[in-house]
Visitor: 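After the structure tokens below, expect a handful of questions from me.
Chain A is the first sequence line, chain B the second, and so forth, proteins listed ahead of strands; every chain is numbered from 1. FYI, side chains are in, hydrogens and waters are out, and symmetry mates aren't considered; it's all heavy atoms of this structure.
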2 protein chains.
Amino acid sequence: MGTRDQLIDSTRELLWERGYVGTSPKAIQQRAGAGQGSMYHHFAGKKELALAAVRRSADALLAAADEQFRGPGTAVDRITAYLRREREVLKGCPIGRLTQDPDIVADPVLRAPVDETLTRLRARLTEVLDEGRAAGELPGTTDTAALAATIVAVLQGGYVLARAANAPEPFDQAVSGVLALLAAR
Amino acid sequence: MGTRDQLIDSTRELLWERGYVGTSPKAIQQRAGAGQGSMYHHFAGKKELALAAVRRSADALLAAADEQFRGPGTAVDRITAYLRREREVLKGCPIGRLTQDPDIVADPVLRAPVDETLTRLRARLTEVLDEGRAAGELPGTTDTAALAATIVAVLQGGYVLARAANAPEPFDQAVSGVLALLAAR
DNA sequence: GTCTATAAGATGATAGAC
DNA sequence: GTCTATCATCTTATAGAC
């Protein structure tokens, strides 16, 4: 792996751990084992590097989700698999957490990949729910787009609860709760 | 209002807007209209001031929630009122957002009030759901603690989706989705 | 491509006058 | 109580040698 890739991956890690405001170029360089000159040779600055890192994390997130959505079973089975998938709950979501970063949300260029990722995730989930509704798993009156937003919100909010408690249990409870509601339909 | 209170309230605003890592003592002083000496006279430093600010915001959050929970109507009515309450959605949750702050989560003293607030909120919501279950609004098999976690997660995650989109609609969708599930029981 | 040197400004606090 | 220095360190680069 080249230095450029090392820099991007180190930035991905640090953005996940500390956010944009909490991540300095120096910290990125140290983790990547690269000098200042090297970093500024490959990237114009912190913002451009962060953009490359966020895009790569976004692609990884959508690919991982799609793996569950394309899996076997009914629509509800696949959503259950997605929600129950093994996760590093206490680390939170590498994309969702960026919504709490003032410099990301304030900058249209930096916010764009975050917005696009969560919008696409909801859209993909809506498709799966549409399949389930067509198959009679869900009532014909189900607002699948709203339900998709609910499911993604449970994930994102579950991370918040788990990080507050410094324990994964609240996340698991939140997931169990929404799955119970879904199963009762 | 005294200088000390001004400092706390300015810190509350800045923690909400920019988080702990993104908030400097200087910014606090400027917003409060106080000098350095004044701030360090009233508080030992940034951490102590943040602690006072977080505690005050936590009290406000729990009081606001309880206002809805003690309101009129069935359990589901009151939960609906709580979720549909007017909120500054794009600002997010002043307490929940702190879970994305590495220096808050890493410090037991700073994390404690965040943990306690969300834990109490879930506990209070569990009580309301227990009433609803006892009244026959919810099935006797309902795991009220899990459902409470789900509802709080929908709120916290709804904020994440809204901030990513820079629009309140995803929040409203997420809330609608969980209320539809709840109503169908 | 990578390195070291340099720098203007911010950060988080301390010291001491008033 | 509040003010104005002062300070060591960090931040986010730029410059130029190698």
Visitor: Between the protein and nucleotides 9-11 of chain C, list every N/O to N/O distance that falls short of 3.5 Å.
Guide:
unit_1	atom_1	unit_2	atom_2	d
dT11(C)	OP2	S24(B)	OG	3.4

Visitor: Checking the side chain of R56(A) only, and the main-chain atoms of R12(A) only, is there a donor and an acceptor separated by less than 3.5 Å?
Guide: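 Checking the backbone N and O of R12(A) against the side chain of R56(A), no donor-acceptor pair under 3.5 Å is found.
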Visitor: Once you round it to whole Å, what is the distance between C1' of dT12(D) and CD of Q30(A)?
Guide: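 Nearest whole value for this atom pair: 14 Å.
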Visitor: Is there a path of hydrophobic side-chain contacts, each under 4.5 Å between heavy atoms, that joins I8(B) and I28(B)?
Guide: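 Yes; tracing contacts between hydrophobic side chains, which count when under 4.5 Å, links both residues.
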Visitor: Let me know the distance between CD of E48(A) and P of dA13(D), rounded to the nearest Å.
Guide: 11 Å
Visitor: I'd like to know whether CZ of R87(B) has more than 12 heavy-atom contacts from other residues, nucleotides or ligands below 6.0 angstrom.
Guide: yes
Visitor: Starting at CD of Q29(A) and ending at C1' of dT4(C), how long is that distance when rounded to a whole Å?
Guide: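 Those two atoms, CD and C1', are 13 Å apart.
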Visitor: What is the distance, to the nearest angstrom, from the OH atom on Y40(A) to the P atom on dT4(C)?
Guide: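 Rounded to the whole Å, the gap is 16 Å.
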Visitor: Is the number of heavy atoms from other residues, nucleotides or ligands within 6.0 Å of CD (E48(B)) greater than 12?
Guide: yes
Visitor: Is R18(A) salt-bridged to D103(B), going by a charged N under 4.0 Å from an acidic O?
Guide: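 Here R18(A) pairs with D103(B) in a salt bridge, since their nearest N and O are under 4.0 Å apart.
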Visitor: Between the protein and nucleotides 2-5 of chain D, list every N/O to N/O distance that falls short of 3.5 Å.
Guide:
unit_1	atom_1	unit_2	atom_2	d
dT2(D)	OP1	T3(B)	OG1	3.1
dT2(D)	OP2	S38(B)	OG	3.0
dT2(D)	OP2	H42(B)	NE2	2.8
dC3(D)	OP2	G35(B)	N	3.0

Visitor: If I take atom CG in residue L14(A) and atom P in nucleotide dT12(D), what distance separates them, rounded to the nearest angstrom?
Guide: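 From L14(A) CG to dT12(D) P: 12 Å.
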Visitor: Crowded around R31(A) CZ? As in, over 12 foreign heavy atoms under 6.0 Å?
Guide: yes
Visitor: Check the hydrophobic clustering (I, L, V, M, F, W, Y; side-chain heavy atoms under 4.5 Å; chains of links allowed) and say if W16(A) and L14(A) are grouped together.
Guide: no
Visitor: Using atom CZ of F43(B) as one end and atom P of dT14(C) as the other, report the distance to the nearest whole Å.
Guide: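 Value for this atom pair: 15 Å.
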Visitor: Between R78(B) and F69(B), is there a donor-acceptor pair closer than 3.5 Å when you use the side chain of the first and the backbone of the second?
Guide: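 Yes, R78(B) side chain to F69(B) backbone: donor-acceptor pair under 3.5 Å.
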